[in-house]
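The sequence lines fix the lettering, A, B, ..., with proteins before strands; numbering per chain opens at 1.
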Number of protein chains: 2
Amino acid sequence: MISTPYLLFLGDAPDPLAAKVAQGIRDWRPDVSIGQYRMDGCKADMGLPDMTIPEAVAAGAKTLVVGVANRGGVISPAWLSILEEALLHGMDIASGLHNLLHDEPQLVATARAKGRTLYDVRVPGVKYPIANGKRRSGKRCLAVGTDCSVGKMYTALAMEKDMRARGMKASFRATGQTGILITGDGVPLDAVVADFMAGSIEYLTPDNDPDHWDLIEGQGSLFHASYSGVTLALIHGGQPDTLILCHEPTRAHMRGLPDYKLPSLEALQDLALTMARVVNPDVTVTGISVNTAAMSEAEAEDYLAGVEAKMGLPAVDPYRQGAGRLVDALE
Amino acid sequence: MISTPYLLFLGDAPDPLAAKVAQGIRDWRPDVSIGQYRMDGCKADMGLPDMTIPEAVAAGAKTLVVGVANRGGVISPAWLSILEEALLHGMDIASGLHNLLHDEPQLVATARAKGRTLYDVRVPGVKYPIANGKRRSGKRCLAVGTDCSVGKMYTALAMEKDMRARGMKASFRATGQTGILITGDGVPLDAVVADFMAGSIEYLTPDNDPDHWDLIEGQGSLFHASYSGVTLALIHGGQPDTLILCHEPTRAHMRGLPDYKLPSLEALQDLALTMARVVNPDVTVTGISVNTAAMSEAEAEDYLAGVEAKMGLPAVDPYRQGAGRLVDALE
């Protein structure tokens, strides 16, 4: 587990989108986000107090989280002296970038000298088992998508928040870098070796109380030629009791695959159920989560009403309407 | 590419099964298997000339292939002086064991000093791309199974052999350790990082002549909770034009999963076609390969006739009958 609270490092973000990791942490874990560090020219702002490294340490910050990505996912030379300063003042550093903190010799040396930890959440830190397929106690809900990047993480986090507010036992289970930085723990599934993918998800979602829900962060899509294997490992390792279908209705083609159209929600429902029944014959689809960000409020309402009538399931945009109706359907 | 011809190292194999990698190479590449090395007490025999290291080198051997696995897949200390001797005499070494040649400091040092290569075929040697899903020229056939270890590699190799005998352009494409040692090249798919699985198979089966067939070695099963993600990546990366269904009819449960029954051939056909159509709408199932090793000749014939009538497709055991009818169905 990564220590909290966090100082969110926004660096020299050229625009707000470059700091979307920080935004995710700020949105979902405001309680642990005590400040932000912005370099000259930074174009992102989380609305948190701007702090120097000494100020953040004085305020209790335990970890500097790299919440910004520049082109290519590298660690900018301009950041190094600040990251170094954080280590020297006793903070850990966490990053989800492709280029690793552990590949910066100066940071490695300083971290060792000061007894601090560098968390490269893109690298699995655990030797995961091969999946055994045994049924586990507790309940699990998995978001599956018609495509990549259609709101699966958002949906799971919104459901967890709603369930906790109701006093239900619920844990968001992160399977991607941003999710891991938000929760401080998880499996970086896209970096796990093929043979251990499903086992890593069994490891992530172990036996639990009968009334406890794991909300498992989805990845990829069964219909995405590049990443479908990751998605299937998630379904078979996660052993879901319920599935939430996730969709973005304005997309012209599968993300990164110009020649591939998105499947219908019906096709996703059929295929995801067929796959999930291999490990849990009682699995059901309980709701639909639609990312309507590209629609007007009226268009979104029309679209959601149409989906709901056609599919016979609650259909919401959790960003506009909250995830309450998706949670109602679980209860 | 691993250099041929091979000296097959059988070590101190406690029984013939322990040398099944050597057996596979011997069966499928007799032309490159010029000799065998057996230690005292070795219980395996490929029927090849027994050779010392100097004799093998004199006969032209370029690579010593570790064709034996002891319990745990480790490199036995008793083998080390022999492997060392092979390097000193100018041979390369290839191994598919879990424990790596590269983790033996003495072998690494000697290989470097003598300019020899250690091939650990369990470790990907290439930085594979992310799959792009683009259609490629040439034809591809993939064996998919109701379970792991039902004869998918054997089927693809038998088809390649038959096709080459007919003068067809055909290449077996290895995706597992034994297959890689047999062909000298391939992708160790179970060791590839999740994000790059499908891309590694696109890399393995690139554009080719319109009348060239890749016979892609299958892995796992869509119905196997531990490895299904690997199988789906193979289907989506391989973009098969035709599928061969592979089955072992006497198995009581899925390999390694006592709580899981095998699916029917119909269920496999439906699911594999649904999945493969995502990347190739014209894909068809053209035949069925059944491993009838546990049946008598009469039982096998009855069973195959029943499957053929039920499924309306040629059903053969390529070990008993050859793969000719599976190839007929491709033409």
Around [X], counting heavy atoms of other residues, nucleotides and ligands shown, do more than 12 lie under 6.0 Å from its [atom1]?
X      : atom1 : value
A:H253 : NE2   : yes
B:K310 : NZ    : yes
B:Y260 : OH    : yes

Which of B:G133, B:G237, B:G256, B:G199 touches chain A most, by non-hydrogen pairs under 4.5 Å: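 Among the listed options, the one with the most contacts to chain A is B:G133.
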Please find the pair of heavy atoms, one from B:M197 and one from A:A194, that lie closest to each other, and give the distance.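 Shortest heavy-atom separation between B:M197 and A:A194 comes out as SD-CB, 3.5 Å.
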Do any side-chain atoms of residues 214-227 of chain B form donor-acceptor pairs under 3.5 angstrom with protein atoms, and if so which ones, sequence neighbours left out?
residue	atom	partner	partner atom	Å
B:D214	OD1	B:R173	NE	2.6
B:D214	OD1	B:R173	NH2	3.1
B:E217	OE1	B:T175	N	2.8
B:E217	OE1	B:G176	N	3.2
B:E217	OE2	B:Q219	NE2	3.4
B:Q219	NE2	B:T175	O	3.3
B:Q219	NE2	B:T175	OG1	2.9
B:S221	OG	B:G145	O	2.9
B:S221	OG	B:T146	O	3.2
B:S221	OG	B:F223	N	3.0
B:H224	ND1	B:S226	N	3.1
B:H224	NE2	B:R255	O	2.7
B:S226	OG	A:A131	O	2.6

Could you look at B:E202 and say if it's the side chain, the backbone, both or neither that has a heavy atom under 4.5 Å from chain A?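 Neither part; nothing is under 4.5 Å.
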Using non-hydrogen atoms and a limit below 4.5 Å, what part of residues 263-276 of chain B faces chain A? B:L271, B:T274, B:M275
Let me know if A:V192 has heavy atoms under 4.5 Å from chain B in its side chain, its backbone, both or neither.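 Only the backbone of A:V192 comes within 4.5 Å of chain B.
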Would you mind telling me which of B:I235, B:L232, B:T231 makes a side-chain contact (heavy atoms from CB on, under 4.5 Å) with A:L232? B:L232
